[in-house]
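Following: one structure in structure tokens, then a few remarks.
Here, residue 1 is the first one in the sequence, and each next residue gets the next number.
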Amino acid sequence: MKCRLCKYYPEDFGELTVDVLHMHMEFDIYDDRTNVKSLLRVRTKDAPIEKLELNCRDLEIRAVSCIQSEVSYRHRQDDAILEINFRDEVPPHTEIVVVTDTVCRPTRNILEGLYYDETPAGAPPQQITQCQQWGFQRIVPCIDDMTAKCTYKTTIIADSRYTNLITNGDVLIGRHTVKPGRDKIVYDNSITPMATYLFFLGAGTYSTFEREFEYPDGGIFTLELLVPPDSNAWAAEKALDILHDCVMWVHLFTGPEQFDQDKLSVRERLWELVRRREKIKLEAKPEPGQEEGELEKVRKELAELVETITPGYRYTGTVYREIGMQNSDFGGMENVGNTTITTNRIMPFPQITDPAFEYMIRVKVHEYYHNQNGSEVTGKSPFEIWLNEAVTVHVEEQYHAFLFGEDYQRLGRVLELLAPASGTFALDSGAASMPIIPDGFNDPNDLITAVTYVKSPEYVRMVETLIGKDTFVRALDRYFKKFQHSNASTQDWIEVMEEESGVPLKEMAETWLKQTKFPVVEVSAEYDRPSRKFTFFLKQHFPAGGKPWEFPFKAALVDENGKDIAEVLVRVSGETAEVPVENVDMPAFLSLNRGYSFYGKLVYRASQEELLLQVRKDSDITGRFTAFHTLVDREKLRLLKVSGSAPSEDFIELYYRLFNDRQLLERAGGQFLTIFESVEDEEFAHRYQALYDVKQKLLKAVAWKYKNSLISAYHFFENVSVPGDASLEETARVIKSRQAKNICLGVLATLDTPDIHSLIKQQFETAACATDRLSAFAAYLNSSAPDKIGVLRAFEAESKQNLISWEAFLAVIGNNSSVDAVELVREMERSEAFRIEQTNDQRALYGSFARNRKKSLQTEEGRTLFTEILRKLAPVNEYSTVNLLNAFANIDLMEAEYHAPLVKILADLLEELDPQKFPSVYNRTRKLLLGAPKAVGAYGKIYGKVPDLQTESPEKK
């Protein structure tokens, strides 16, 4: 019998009994309800049908009929199904039209279907939709399946005061008044048949900004930005500039010839000419009839040059629109022509932080690329969400690297993998771990995790490495052409990759897509001087009962000057492997897993001298960082094991020298200097307070010895953090310098002395950007400065005036390490500005507090607060609650004193939850408890068995 930890399994997604052809819908929108009339045109397949089941969740049914047949119907509300029974059997290959008249009612906390977003003052209720994956059935009875791709004609009738009435497609009948106070508009979406989850409807009040997008060959469409009224016009125009650039980059720098070096100079020239053309258009528009000027010359050269390359994706609509959504479980969502992006990240607001700015760039290119990968070619079921996302993230990362540099981008990804509280390795190794393609799920939102957005793109990257970049993009082009306007399975994608490359990939895919965790690879080596032969010996560890992973292993032998002696790239497929390198000199150090060639961890017992040399000399940025990471890990572990020991001079000197390696920080940014609150040794890996204390001890030792030099370095980075112009490339340079400056400030802050308090406060009061201000605020909050509470209160009052600032402020509070941390979180959730139904507030305050495990799990007052948060949040937002629960993923590995108290939190929550109403939270809680048998045993000795763990498929009364 299958253990029912999930509500849905692959067998729940069979072939449809009909082909969906078209939907013609009319939405009559009011403040508290929307009346929806729908004509659903379908065609039977090879078999006749007697009934048709439509997905129908929380809808009021007013009428159901069929144009071709008399019908009866039954609304099975518990199953969310509208069952339509035909009087006469419908023959094969027959078209019918089902007509429904229903009512949907928006809510403020169920953030799918039609729901209320943030309403501007004096405006009618802001109403938008979120349909991934099954939100469409909350709007209209439908076949809510990813394979039900069809065309749409949509009519919207709503309050005339709304500035925008929008849905997918092009305007067929322009907006006009139908009666006093009511307007009507009709859209047609017939070019790109789309899956139901890509539908969008919005009735809102926005400021609208537009910009013409012109392809190199002269084709045009409109870029449109919908943001809150009174939004900063400069920020909006800049957002459109950023969007323009990412759309143009996709056209010029992706496609089947993306890595053709002979064409690279042409693409770069096209990029340069496009920027020149846009500047000319902005500065002066030639009068009609004017003789050929510079603009015409540029256009002519563009048109000629673009004919010499094969460009990437070209948008098919007349308008591509980005819409700000203040309240959403997701940062962005593609909706065929109407991308929604969280409002706090849609524009470069003055209050936006550097990480948020980078996210803004990423999310814009990500959601736009979904027009091709996801919309034109769609996965077959929610189990293919990884396929829609992995390649899209892969391209997103290429664009990020285009602007910020390959080293910076790749190192950022490695940091995301390694981060102890929220990193992908941490998620992928704990009790909450799930494969890229899981056995089942409770809600499609369960699939929106770091496994989907980080691990699966890393798998795609490994495929690219094994078959080669040129082959990979050719295969991708073939895949897009073969499955255009249809659905593709995981197997389809893999087969296309195999056909184009001739490389077998199915067995590799089976392991990576269906097996949890990741390879831990032990590497040893030997050198035979007489034959000048060097050999790598690899042994990988994999889950009990599982199979070895297949992956690319890239490594180099490097001399004492940092010059590569030899580099190898091999495909590892077994538990062990030998990699010989012939006719080479003895290396000074090894550069292993170059570029982080495989998703996993590597164990190599290099000497201290080798690691120190590698940190200084390796040309591979990930090799340099992982060597640094290993050195720091050893240093932290030594301090944890030997009570009262002091940081070593080697570490202090190394960290200081890295601060002064200007070339390194220009390439990698201040992120290279990251020291995590973690160690690899499982005995100490979950002693969160001790790990925090050790990190502070290390940084304080550096600060004491090099205080004056660090202050000088701080001022150097402060000076170079001033932008020279407004270009994205210059912004990227400044962000890297600012990272270094604020890490420098953080190191100095460990001294906790009055002069450093003054330096921090000066930055806080004079900061020209949000990142500098928040970095200073966080440092001041964790200090012993006597006026820090006054600073806190003033900044709190200021932050409440702006939703972007408020989100960032809450995140600092939730993550703070002061003795008042828990009480400060309580204060903020009591604030009139905190709204528990708003996901930004949930993620910022509750999410950061949950990850602050030294406070949330390892203090009694923190556990009490965490318990209260979970109880309050579960009925409001399951998705956010499940993410908070990930903090409990490693209970069994924590010290024994925490076992029973933490299990009690989960056991009590399980007892209170209705598994039918909250399946995601309920089943995630069960999974966490089942993954912590030692801790559950300790709990049982005090409280007895957990009743809900004793049955396969628990039911509540």
Side-chain angles (χ1 to χ4, degrees), residues 3-5 421 426-427 429-433 442 682 685-690 814 821-823 825-826 829 836 842 845-878 880-957:
C3 180
R4 297 299 295 189
L5 283 174
L427 174 68
S429 57
S433 177
N442 297 294
E682 289 293 356
H686 303 285
R687 299 185 182 184
Y688 306 123
Q689 183 63 53
V822 175
E823 182 51 38
V825 173
R826 284 192 178 279
E829 69 168 355
I836 195 170
Q842 297 163 12
L845 185 64
Y846 292 159
S848 61
F849 176 68
R851 292 188 296 274
N852 191 0
R853 295 172 298 181
K854 62 183 180 293
K855 300 294 184 182
S856 61
L857 302 185
Q858 291 192 324
T859 66
E860 186 175 348
E861 63 271 25
R863 291 191 292 272
T864 300
L865 175 57
F866 205 170
T867 303
E868 295 169 11
I869 289 171
L870 291 169
R871 286 172 174 164
K872 285 185 289 191
L873 191 59
V876 176
N877 190 305
E878 274 205 276
S880 292
T881 308
V882 166
N883 285 330
L884 299 190
L885 286 169
N886 289 336
F888 295 88
N890 293 293
I891 299 176
D892 256 11
L893 299 176
M894 294 175 64
E895 293 158 285
E897 65 182 283
Y898 301 112
H899 287 173
L902 292 176
V903 170
K904 189 174 190 310
I905 294 174
L906 297 179
D908 290 351
L909 182 65
L910 206 60
E911 179 64 26
E912 295 171 13
L913 287 171
D914 183 334
Q916 304 306 316
K917 289 183 179 179
F918 311 110
S920 293
V921 175
Y922 183 87
N923 286 321
R924 176 56 60 88
T925 306
R926 285 190 80 225
K927 185 175 183 179
L928 289 166
L929 288 170
L930 290 168
K934 187 165 65 174
V936 169
Y939 168 90
K941 291 176 182 178
I942 303 172
Y943 302 103
K945 292 184 177 180
V946 181
D948 292 74
L949 296 186
Q950 309 311 309
T951 58
E952 290 290 324
S953 184
E955 299 290 339
K956 286 292 184 80
K957 296 187 288 291

Worksheet item: Closest heavy-atom contact between Val822 and Phe849?
Response: CG2-CE1, 4.2 Å
Worksheet entry | Glu878 (side chain) donor-acceptor with Val921 (main chain) under 3.5 angstrom | yes
Practice prompt. May I ask you to say whether Glu868 pairs ionically with Arg826, meaning some side-chain N is under 4.0 Å from a carboxylate O?
Written response: yes
Worksheet entry | Sidechain-backbone polar pair: Arg863 side chain, Leu857 backbone, donor-acceptor under 3.5 Å | yes
Item to complete: Report yes or no: does Gln858 contribute a side-chain atom to a donor-acceptor pair with the main-chain N or O of Gln689 at less than 3.5 Å?
Response: yes
Worksheet item: Just by modelled atom types, is the Ser848 backbone N or O under 3.5 Å from a matching donor or acceptor in the Asn852 side chain?
Response: no
Worksheet item: So, for Phe866 and Phe888, is the gap between ring centers shorter than 6.0 Å?
Response: yes
Worksheet item: Which atom names give the shortest non-hydrogen contact between Asn890 and Gly430, and what distance separates them?
Response: OD1-CA, 3.7 Å
Item to complete: Determine the minimum heavy-atom distance between Ala932 and Ile891, stating which atoms define it.
Response: CB-CB, 4.3 Å
Worksheet item: Should Glu861 and Lys855 count as an ion pair when the cut-off is N to O under 4.0 Å?
Response: no
Practice prompt. Decide whether Arg924 and Asn442 meet the rule of one side-chain donor and one side-chain acceptor closer than 3.5 Å.
Written response: no
Item to complete: For Tyr922 and Asp948, run side chain to side chain donor-acceptor pair (under 3.5 Å): C-alpha distance rounded to whole Å, both residues' side-chain angles, the deciding distance at 0.1 Å, then the answer.
Response: CA-CA 10 Å; Tyr922 183 87; Asp948 292 74; 2.5 Å; yes
Worksheet entry | Heavy-atom side-chain contact between Leu909 and Ile905 under 4.5 Å | no
Fill in: Atom NZ of Lys872 with >12 non-hydrogen neighbours under 6.0 angstrom
yes
Worksheet item: Backbone N or O of Met894 within a donor-acceptor pair of the His899 side chain at under 3.5 Å?
Response: yes
